[in-house]
Amino acid sequence: MNIEQIYTGCLAQGAYYITSNGEAAIIDPLRETQPYLDRLQKDGVKLKYIFETHFHADFVSGHVDLAKQTGAAIVYGPNASPEFEFISAKDGEEFKIGDITIKVLHTPGHTMESTTFLLKDETGKDHCIFSGDTLFLGDVGRPDLAQKAASMTMEDLAGLLYESLMTKIMPLADDVIVYPAHGAGSACGKNMMKETVDTLGNQKKMNYALNQPNKEAFVHAVTEGLLAPPAYFGLNVAMNKKGYESFETVLNNGMRALMPDEFEAAAENTEALILDTRTNTEFYKGFIPQSVSIGLDGDFAPWVGALIIDVKQPLLLITDLGKEEEAVTRLSRVGFDNVLGHLKGGFAAWLAAGKEADVVDRITAEQFAQEVEIGKDKILDIRKETEYAAEHVEEAYNRPLANINDWIKDINADEHFYVHCAGGYRSMIAASILQARGYRNFTEIEGGFKAISNTTLPRTDFICQSKVMKA
């Protein structure tokens, strides 16, 4: 028996590749399937099952393509009703892969079809659980994503989640290994650990959700402080239920190399958004007017989903040379399949063609410290609420990037302001959106709060973010 966790940091997502005696299973696969096909061929095993823990909201799974390419059966737990061929497993049903067994534990709460898969080894001993979004390390799945579909309140779903955990998960032995679908950074929970594997016994001891005195306390604890889910989540759920265009087709379309004149014509003649995926340190020096900066070097795909929202939005890409395929691939993971092409030769080719360029007014943290007047000048801190609450520049306003479409309309175009995040990644996204909407009355701070912390500017007292999350 071999179990491999395939973890994707950008999405904070774990897929699982399992083999035993010539057969294989994959749990919650990513959109691009070729790496799995290559691995199956290398190991000389046949893919028998593709297990899906639930209909994912934060990424598009590769289950449909993988089933077509291998003939493997897609398995969901009870209450699932996708629009493609699948096995609707019953609670307690068992599936054999070589010499091991996968047992279905229906664990509704995060969603109604949410299922945990219990792996029993060759001797029949409980070895590990693939807990999906039911149980994370340090947290449990948020119970507010399936309200509309289930015609239930978030409190109702939280109550179901409590029963699932107490009756299906907690009775398992302490030495059972927990393999969750996500880790720290995912929007599917609020208090996840940075680790991606743990024992159930340790989670029983330290996971706040598993240590509530009763159901009522559990419901309150897991529903308190939830931020609104990213708007693209519902669109990804629909793709995972209904199916989607093959990844190879999406990649071929996105790999169209457009000369500067062709690129410009495409931007003018379509409703495409120009997405610049270079680093923020390159973008601010020069970029195509109206383009939006979301760098590949950060949480690229989740920010695309959170800010662009519509997965059908046509996109034109600016990338560093050689990064075109990575950009298209990472976009496809969150359902953004409508990439019309990329600029051949990158931004340098645009400049060489004599095309118009724009810049962002960026200054260093030291310059900021020298020229800002605390209490007089306006400062926008676009980090998350918890980051801001932990420590911030005195008199700064908190305007999280995720909510920019809400607060941008309140910007006074005649009043200058400074904008920063933690390190410069998010503030450059904000700067590009502000300029695309016609705002020029701001200065962005290089290095963000990390760099500002090394200056003499007055800041509030530091509070541990974990305490902020639990407050």
Side-chain angles (χ1 to χ4, degrees), residues 2-19 24-37 39-40 47-67 69-70 72-77 79-80 82 84 86-89 95 97 102-119 128-137 139-142 145-146 177-183 185-189 192 196-197 233 236-241 243-244 247 301-302 329-330 332-335:
N2 179 65
I3 301 170
E4 182 178 343
Q5 182 185 67
I6 304 171
Y7 198 78
T8 304
C10 180
L11 294 173
Q13 187 267 343
Y16 297 92
Y17 173 79
I18 306 159
T19 59
I26 295 176
I27 298 177
D28 295 339
L30 276 183
R31 178 80 179 272
E32 63 274 21
T33 58
Q34 193 59 47
Y36 303 120
L37 299 176
R39 184 62 186 271
L40 291 164
L47 185 63
K48 190 174 184 180
Y49 296 114
I50 303 159
F51 292 100
E52 289 286 335
T53 57
H54 63 296
F55 293 121
H56 306 284
D58 59 314
F59 73 99
V60 178
S61 178
H63 56 310
V64 175
D65 278 351
L66 199 53
Q69 293 161 336
T70 65
I74 300 171
V75 180
Y76 280 94
N79 297 331
F84 44 79
F86 76 109
I87 294 174
S88 179
F95 296 82
I97 299 98
I102 299 287
K103 183 176 181 179
V104 174
L105 304 179
H106 185 213
T107 49
H110 173 65
T111 64
M112 292 303 292
E113 79 285 351
S114 283
T115 297
T116 296
F117 295 107
L118 170 64
L119 185 150
C128 65
I129 53 172
F130 302 95
S131 55
D133 285 21
T134 295
L135 176 64
F136 297 129
L137 304 188
D139 202 1
V140 293
R142 58 190 299 166
L145 299 184
I177 299 168
V178 180
Y179 289 115
H182 294 290
S186 169
C188 294
M192 288 183 246
T196 61
V197 180
F233 270 24
N236 274 199
V237 169
M239 293 178 73
N240 283 317
K241 283 185 176 181
Y244 42 75
F247 171 73
T329 298
R330 289 171 67 176
S332 74
R333 289 174 182 168
V334 288

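Predicted model, so just to flag it, every value in this text is computed and none were measured.
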I need the minimum non-hydrogen distance between [X] and [Y], along with the two atoms involved.
X	Y	result
I3	C128	CD1-SG, 3.8 Å
A72	A67	O-CB, 3.5 Å
G185	A12	C-CB, 4.2 Å
P302	C10	CG-O, 3.3 Å
M192	G183	SD-O, 3.3 Å

Tell me if a side-chain donor or acceptor on [X] pairs with a main-chain N or O of [Y] at a distance below 3.5 Å.
X	Y	result
R142	A187	yes
D139	G189	no
Q13	L30	no
Y16	P180	yes
N236	V334	yes
D28	T53	yes

Return the set of residues passing ring-ring contact (aromatic ring centres under 6.0 Å, His included) with [X] (not counting sequence neighbours), or none when no residue passes.
X	answer
F59	H56
H110	H54
F55	Y76
F117	F51

Could I get the full list of side chain to side chain donor-acceptor pair (under 3.5 Å) partners for T115, not counting sequence neighbours?
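Once residues adjacent in sequence are excluded, T115 has no partner under the side chain to side chain donor-acceptor pair (under 3.5 Å) criterion.
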Which residues share a side chain to side chain donor-acceptor pair (under 3.5 Å) with D65, sequence neighbours left out:
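For D65 there are no side chain to side chain donor-acceptor pair (under 3.5 Å) partners, ignoring immediate neighbours.
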Modelled atom types, side-chain donor and acceptor of N240 and S61, under 3.5 Å
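S61 and N240 do not have a side-chain donor-acceptor pair below 3.5 Å.
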Between T111 and S114, a side-chain donor and acceptor under 3.5 Å
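Judged by distance alone, the side chains do pair up.
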Distance (rounded to the nearest 0.5 Å) between [X] [atom1] and [Y] [atom2]:
X	Y	atom1	atom2	result
I27	L119	CD1	CG	7.5 Å
L40	L66	CG	CG	7.0 Å
T107	E113	OG1	CD	10.0 Å
R330	L11	CZ	CG	8.0 Å

Holding to side-chain contact (heavy atoms from CB on, under 4.5 Å), I want the full list of residues that pass it with [X], two or more places apart in sequence or in another chain.
X	answer
V64	K68, F84, Y244
T196	Q5, Y7
A89	V75, E93, F95, V104
S88	F86

Going through the checks in order, is the side-chain contact (heavy atoms from CB on, under 4.5 Å) test met by F136 and S186?
CA-CA 11 Å; F136 297 129; S186 169; 5.5 Å; no
Where do V178 and L135 land on the side-chain contact (heavy atoms from CB on, under 4.5 Å) test, with the steps shown first?
CA-CA 8 Å; V178 180; L135 176 64; 4.2 Å; yes
side-chain contact (heavy atoms from CB on, under 4.5 Å) evaluation trace for Y49 with I102:
CA-CA 10 Å; Y49 296 114; I102 299 287; over 6 Å; no
Under the criterion side-chain contact (heavy atoms from CB on, under 4.5 Å), I'd like the reasoning laid out for H106 against N79: C-alpha separation, chi angles, the key distance, then a yes or no.
CA-CA 9 Å; H106 185 213; N79 297 331; 3.4 Å; yes
What pairs with R39 under salt bridge (Lys or Arg N to Asp or Glu O under 4.0 Å), at least two apart in sequence or on another chain?
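Salt bridge (Lys or Arg N to Asp or Glu O under 4.0 Å) list for R39, sorted by chain: E4, D43.
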Restricting to pairs with a member in residues 47-60, which pass salt bridge (Lys or Arg N to Asp or Glu O under 4.0 Å), not counting sequence neighbours?
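Listed by first then second residue: E23-K48.
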